[in-house]
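Below you'll find the structure, written out as C-alpha cells, and then a few comments.
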Amino acid sequence: MAQSDFFGNVYEVVRLVPPGRVTTYGAIAAYLGSQRGARMVGWAMNNAHGQPGVPAHRVVNRNGLLTGKNFFGGGSVMQELLEAEGIKIKDDQVVAFRECFWDPGAELL
DNA sequence: TCACTGACTTGGC
DNA sequence: CGCCAAGCCAGTG
C-alpha cells in the first residue's frame with residue numbers, strides 16, 4: 001500500500017465492508033493486530049476522507065454509535081448514508097447493530 | 001527531537 | 001450507572 005500497512009489495511013478492510021453492514025474501529029484494529037490501536041483506525045478514517053472507495057460511514061464505534069458523523073458535515077449525512085443501505089439508525093445509533101455488524105477477522109477468514 | 005492530540009476500547013473506582 | 005486513567009500508532013507543532 002502507498003500508506004503505512006496500518007492505514008492501507010484499514011482502507012482495504014473498510015472498502016471490503018459489504019453494503020448494509022457496518023464494522024467497528026476495534027474490529028479493524030484487532031484484525032490488524034492492535035486492539036488498543038482503534039484510535040489509529042479513526043485517524044486513518046480521517047485520512048480516508050481523501051481516499052475514494054472508503055465508506056467511512058460504515059465504520060462506527062463498538063456501541064454502534066455514529067461517532068464520526070460529526071466529520072461527515074456535522075449533519076445527519078452519515079445516518080442517511082447508512083439508512084440508504086438498509087441500516088436503521090436511531091438516536092445516532094445503529095439499530096440491530098449486532099446483526100449488521102461485519103467482522104473482518106470473522107468474515108474474511 | 002520531544003510532546004501533544006486524536007472518528008477508540010477496556011478496566012477500575 | 002457514570003466518570004477517570006491507561007494503552008495503542010501515526011501525524012503535526
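Here the separation of C:dC1 from B:dC8, taken at their P atoms, is 22 Å to the nearest Å. Annotation: B:dC4 and C:dA5 have their P atoms spaced 15 Å apart (nearest Å).
Atom P of nucleotide C:dA10 and atom CH2 of A:W43 are separated by 13 Å, given to the nearest angstrom. Distance A:R39 CZ to C:dA6 P: 12 Å, rounded to the nearest Å. For A:F6 and C:dG11, the CZ to C1' distance is 14 Å, given to the nearest whole Å. Distance CG (A:N9) to P (C:dA10): 12 Å, rounded to an integer number of Å. Protein atom OH of A:Y25 is 17 Å distant from nucleotide atom C1' of C:dA10, rounded to whole Å.
Here A:D103 contributes atom CG and A:T23 contributes atom OG1; the two are 6.5 Å apart, rounded to the nearest 0.5 Å. Here the CD-CD1 distance, from A:Q79 to A:I89, works out to 6.0 Å after rounding to the nearest 0.5 Å. Summarising the geometry, atom CD belonging to A:Q93 is positioned 10.5 Å from atom NZ belonging to A:K90; distances are rounded to the nearest 0.5 Å. Here CZ of A:F101 is found 4.5 Å from OG1 of A:T24. Values are rounded to the nearest 0.5 Å. Once rounded to the nearest 0.5 Å, the distance linking NZ of A:K88 with CD of A:E99 reads 10.0 Å. Atoms CD1 and OG, on A:I28 and A:S34 in that order, are 12.5 Å from each other to the nearest 0.5 Å.
Residue contacts shown for A:N46 include a base, since a base heavy atom lies under 4.0 Å away. Residue A:A56 is classed as a base contact, given a heavy-atom separation below 4.0 Å to a base. The residue A:R62 sits close only to the backbone: its heavy atoms come under 4.0 Å of sugar-phosphate atoms, none of a base. Here A:H49 lies in heavy-atom contact (under 4.0 Å) with a base.
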- Item | Evaluation steps, side chain to side chain contact (heavy atoms under 4.5 Å, CB included), between A:V41 and A:V14 | CA-CA 10 Å; A:V41 178; A:V14 176; 5.9 Å; no
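The nucleotide range of DNA chain B contacted by chain A, defined by atoms under 4.0 angstrom from heavy atoms of the protein and reported 5' to 3', is B:dG6 to B:dT10.
Looking at A:R58, its side chain does come within 3.5 Å of a backbone N or O of A:V17 through a donor-acceptor pair.
Base-pairing analysis of DNA chain C finds the following stems of at least three consecutive Watson-Crick or G-U pairs, with both pairing distances under 3.5 Å: B:2-6 with C:9-13, B:8-13 with C:2-7.
Each of A:R36 and A:K69 was assigned the nucleotide of DNA chain B with the nearest heavy atom; the assignment lying further toward the 5' end belongs to A:K69.
With respect to A:E85 and A:R21, no salt bridge is recorded, no charged nitrogen being found less than 4.0 Å from a carboxylate O.
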